[in-house]
Protein chains: 4
Amino acid sequence: MTRSEAPRRKRANGVESRQRILDATVEIAGERGYDGTSIAAVSAKCGLPASSIYWHFKDKDDLIAAVIERSFETWLTAVELPDETEGTSLDRVTVMAANIARSLLDAPDFLRLGLMLALERRPTEPRGRTVFLQVRDISRQRIADTVRTLYPELDEAAVRTLTTYAVAGADGLFIQREISGDDVDLVAVFQLHAQLIHDAANRMAARSEA
Amino acid sequence: MTRSEAPRRKRANGVESRQRILDATVEIAGERGYDGTSIAAVSAKCGLPASSIYWHFKDKDDLIAAVIERSFETWLTAVELPDETEGTSLDRVTVMAANIARSLLDAPDFLRLGLMLALERRPTEPRGRTVFLQVRDISRQRIADTVRTLYPELDEAAVRTLTTYAVAGADGLFIQREISGDDVDLVAVFQLHAQLIHDAANRMAARSEA
Amino acid sequence: MTRSEAPRRKRANGVESRQRILDATVEIAGERGYDGTSIAAVSAKCGLPASSIYWHFKDKDDLIAAVIERSFETWLTAVELPDETEGTSLDRVTVMAANIARSLLDAPDFLRLGLMLALERRPTEPRGRTVFLQVRDISRQRIADTVRTLYPELDEAAVRTLTTYAVAGADGLFIQREISGDDVDLVAVFQLHAQLIHDAANRMAARSEA
Amino acid sequence: MTRSEAPRRKRANGVESRQRILDATVEIAGERGYDGTSIAAVSAKCGLPASSIYWHFKDKDDLIAAVIERSFETWLTAVELPDETEGTSLDRVTVMAANIARSLLDAPDFLRLGLMLALERRPTEPRGRTVFLQVRDISRQRIADTVRTLYPELDEAAVRTLTTYAVAGADGLFIQREISGDDVDLVAVFQLHAQLIHDAANRMAARSEA
DNA sequence: AATGAATGAGGATTCATTCAT
DNA sequence: AATGAATGAATCCTCATTCAT
């Protein structure tokens with residue numbers, strides 16, 4: 001709504017414009033989902049006319065997909081998994097959980113939008129959804145790797161189950177936090193989650209040895 | 001062009017029409033979310049003209065809220081929590097988890113739509129979202145009650161944490177199932193969830209006694 | 001542009017509205033072709049909002065197709081072919097040519113639009129084009145029938161050739177008239193056309209007898 | 001993202017670019033008419049960015065007009081009218097008709113576009129239309145000259161009528177061919193056309209002598 | 001209880017064109 | 001000679017909603 005900041009900008013700068021558009025889009029799409037994100041709203045928020053958005057992105061689908069891609073990259077670098085950490089496996093799982101929790105607090109738009117897309121079931125699936133599921137799978141595999149490293153006695157079925165459970169818990173806790181706001185101490189509750197997973201891993205390992 | 005072709009419209013029946021509209025709406029809204037649900041689409045799916053939908057419901061907001069309400073009721077009666085079951089607390093938690101898992105498999109539209117609404121963050125919140133959060137809270141309290149009954153030694157903070165964790169896990173596992181389809185054995189994974197909650201409850205009880 | 005004629009019309013009247021829309025569309029589409037016909041222009045000319053046009057017609061394609069259909073019907077009834085006429089075959093061909101010429105002078109929008117559509121070669125053909133080619137074929141068959149009746153000695157190949165030539169001449173002369181306006185006496189030149197076709201028919205008949 | 005990937009753009013060559021643009025435009029405009037031809041489509045087909053098209057042509061109108069001009073020239077040189085041919089006037093008319101028929105088979109885009117333009121009736125006439133009508137008139141005069149040469153007894157009114165009829169037939173037969181494709185033997189049917197014109201000329205000559 | 005028709009606002013996207021480089 | 005980026009107007013069409021019947 002403030003117009004004063006744009007005193008007839010002329011120097012065309014594609015890269016910056018693209019970023020501005022993406023910035024505006026994460027915000028809006030993270031709040032209102034795919035259908036709730038209108039190009040007009042993005043245009044208003046980023047200051048570029050709607051038609052300019054179409055110079056940078058083929059269509060809305062392409063735009064949302066690009067948002068997911070970029071957000072995932074930023075998020076990934078924000079998670080900074082210190083896999084080399086010394087300590088017991090419980091320590092390491094706990095640190096990891098805290099890291100993930102913190103990263104989610106910083107980039108909630110990404111996951112919120114992603115989950116909304118993931119929940120939808122349209123006949124023609126938005127590309128953004130596909131992309132989200134792909135990058136989500138990348139994260140999932142990282143977690144699986146960590147599980148394998150920390151609990152080498154586990155067989156693949158157990159690893160898969162634990163990973164599923166770990167991811168599901170993360171999603172669920174994130175949602176809880178989105179609903180209840182600061183009532184939920186995300187870091188604390190993620191650490192409980194880590195603890196339980198650790199217990200489960202140990203029990204499974206014991207069982208498989210027997 | 002001839003008028004006589006009307007196929008002997010069965011005597012208008014308000015109740016049935018209302019149901020047809022609601023049926024159409026759960027399906028569409030469960031697949032595409034709030035913004036993705038157009039009155040025209042609902043009209044097409046239920047066979048009644050758009051204007052008829054407005055005879056039964058004040059506006060789109062009202063319609064979606066009604067859908068949530070009805071779906072919740074159906075779901076509640078489907079869960080059939082056998083609180084009176086004899087057996088160890090682990091047994092009882094496990095049975096309960098299986099019941100919930102099964103009920104979610106039957107009414108996925110309800111939870112899918114609800115979660116989509118819950119994740120959104122619009123300036124003027126749809127009434128459907130409010131309703132969903134309310135009914136969700138009802139479920140939450142039932143779970144809290146069960147936890148209190150099964151693990152009477154727990155203090156209120158612990159009960160709250162466990163309940164949060166239980167609900168979060170349920171949401172997360174549901175999402176996982178929505179994404180991966182039959183790859184996820186929802187009942188099995190819910191039972192693991194129950195197990196871990198049971199362990200956590202016992203550890204917490206032990207700690208609070210100390 | 002004159003607004004005064006519409007003092008808040010309320011009495012909904014589907015049939016009349018439909019006609020108004022079609023009337024506006026023939027005119028515009030007859031002048032500017034498919035792409036040149038904007039829904040906004042039609043809306044402006046008929047006084048109904050653009051969205052109302054979509055109540056009556058599925059989309060632009062459907063609208064144009066409907067225009068062709070209706071125009072063809074009006075044109076057909078305007079041609080009034082007096083097949084029963086007594087007289088020499090030349091007389092009868094000449095009368096027929098004059099009739100067609102006159103009907104074309106009255107409904108030039110129809111043929112102009114149709115020919116524009118016929119000339120186009122888009123990857124996905126507008127339904128209006130299909131419809132035009134169909135109704136055109138109906139006319140063609142009527143002409144073929146007349147030729148068969150008037151010159152019974154002709155074999156089918158000859159009938160086909162003559163019909164093709166007759167239709168082609170009609171199209172070409174119509175175009176000439178569209179370009180040159182009143183410089184071309186359409187009735188006169190159509191009668192010349194009839195004459196030449198008559199000669200050709202006789203020559204062909206003579207040849208086939210030999 | 002690296003700039004070095006540009007594939008060694010061959011030294012800019014204005015003339016060639018201009019040709020490429022014109023080539024793309026005939027094709028598109030010949031298929032879809034004036035309004036149906038978008039600069040973006042031309043740009044996509046010729047590989048040059050839209051802004052480059054505006055370096056070579058003032059605006060869309062100018063581009064279409066240029067296309068008509070160039071196409072007419074190519075067509076003219078393709079017709080190769082052998083006016084000096086010996087033989088009866090019927091022979092010569094027939095040869096000429098065959099030549100024209102063949103030339104139309106080779107450059108259908110030109111005439112298709114031209115006829116579409118000619119049929120349109122917009123308030124502000126595209127320059128391409130004007131140009132087409134002009135070049136068409138040049139052809140018309142050549143035909144009139146030929147008629148005058150071959151049938152010197154005809155008065156000017158007769159020459160004009162015959163020319164009109166000749167051109168109209170050509171247009172109509174071309175259209176027929178565009179619609180029906182290979183069902184129409186354009187050369188054969190043009191020869192019938194020539195024959196009939198020849199007959200008409202003779203009859204007119206006889207009449208004017210009487 | 002229901003519906004045909006209408007409507008203004010807004011949806012995504014494309015348009016022809018310009019301008020600085 | 002060419003182009004990346006931008007832009008306002010216009011495109012087709014859908015939206016939620018209303019209203020007279």
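Proteins come first, then strands; the chains are lettered A, B, ... in the order of their sequence lines, and each starts at number 1.
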Contact class for Thr37(A) (heavy atom, under 4.0 Å): base, sugar-phosphate, or nothing?
sugar-phosphate
Any idea which of dA5(E), dC13(F), dT7(E) is nearest the Pro49(C) side chain?
dT7(E)
Answer yes or no: is there a donor N or O on one side and an acceptor on the other, between the side chain of Arg32(C) and the main chain of Arg122(D), under 3.5 Å?
no
Specify the separation, in whole Å, of atom CG of Asp35(C) and atom P of dC12(F).
9 Å
Please give, in whole Å, the distance from dC15(F) P to Asp59(B) CG?
16 Å
Minimum-distance nucleotide to Ser52(B) side chain [options: dA16(E), dA2(F), dA2(E)]
dA2(E)
Atom CD1 of Ile39(A) to atom P of dC12(F): distance rounded to whole Å?
20 Å
What's the CG-C1' distance between Asn13(D) and dA2(F), to the nearest Å?
12 Å
Give a yes or no on whether a donor-acceptor pair under 3.5 Å exists between the nucleobase atoms of dG4(E), that is its base, and the side chain of Ser51(B).
yes
Do you know which of Arg121(D), Arg129(D), Arg127(D) makes salt bridge (charged side-chain N to carboxylate O under 4.0 Å, His left out) with Glu125(D)?
Arg129(D)
Is the shortest side-chain N/O distance from His56(D) to OP1 or OP2 of dA2(F) below 4.0 Å?
yes
Ionic contact status for Lys45(B) with Glu27(B), cut-off 4.0 Å:
yes
Can you tell me how far P of dA1(E) sits from CD of Glu16(B), to the nearest Å?
13 Å
Under 3.5 Å donor-acceptor, Ser43(B) side chain and Ile39(B) backbone
no
Partner nucleotide, any strand, of dT21(E) [Watson-Crick/G-U, under 3.5 Å]:
dA2(F)
Of the non-hydrogen atoms in Leu133(A) and Ala118(A), which two are nearest, and what is the gap between them?
CD2-CB, 4.2 Å
If each of Asp61(B) and Lys58(C) is mapped to the nucleotide of DNA chain F with the nearest heavy atom, which maps nearer the 5' terminus, i.e. the 5' end?
Lys58(C)
Sorted by position of nearest nucleotide on DNA chain E, 5' first, the leading residue of Gly14(C) and Arg18(B) is Arg18(B)
Looking at Ser38(A), I'd like to know whether one of its side-chain N or O atoms comes within less than 4.0 Å of OP1 or OP2 on dG10(E).
no
Between NZ of Lys60(D) and P of dT14(E) the distance, given in whole Å, is 15 Å
What is the separation between atom CG on Asp62(A) and atom P on dA12(E), rounded to the nearest whole Å?
15 Å
Counting side-chain heavy atoms from C-beta on, which of dC13(F), dT11(F), dT17(F) comes nearest to Ala40(C)?
dT11(F)
Would you kindly give the CD1-to-P distance between Ile21(B) and dA1(E), to the nearest whole Å?
12 Å
Do Arg70(B) and Asp23(B) come within less than 4.5 Å of each other through their side chains, counting heavy atoms only?
yes
Select one nucleotide: of dA6(E), dT17(E), dA12(E), the one nearest the side-chain heavy atoms of Ser17(C).
dA6(E)
Closest of dA6(F), dC12(F), dA12(E) to the Tyr54(C) side chain is dC12(F)
Between dT18(F), dA1(F), dA12(E), which nucleotide has the shortest distance from any of its atoms to the side chain of Trp55(D)?
dA1(F)
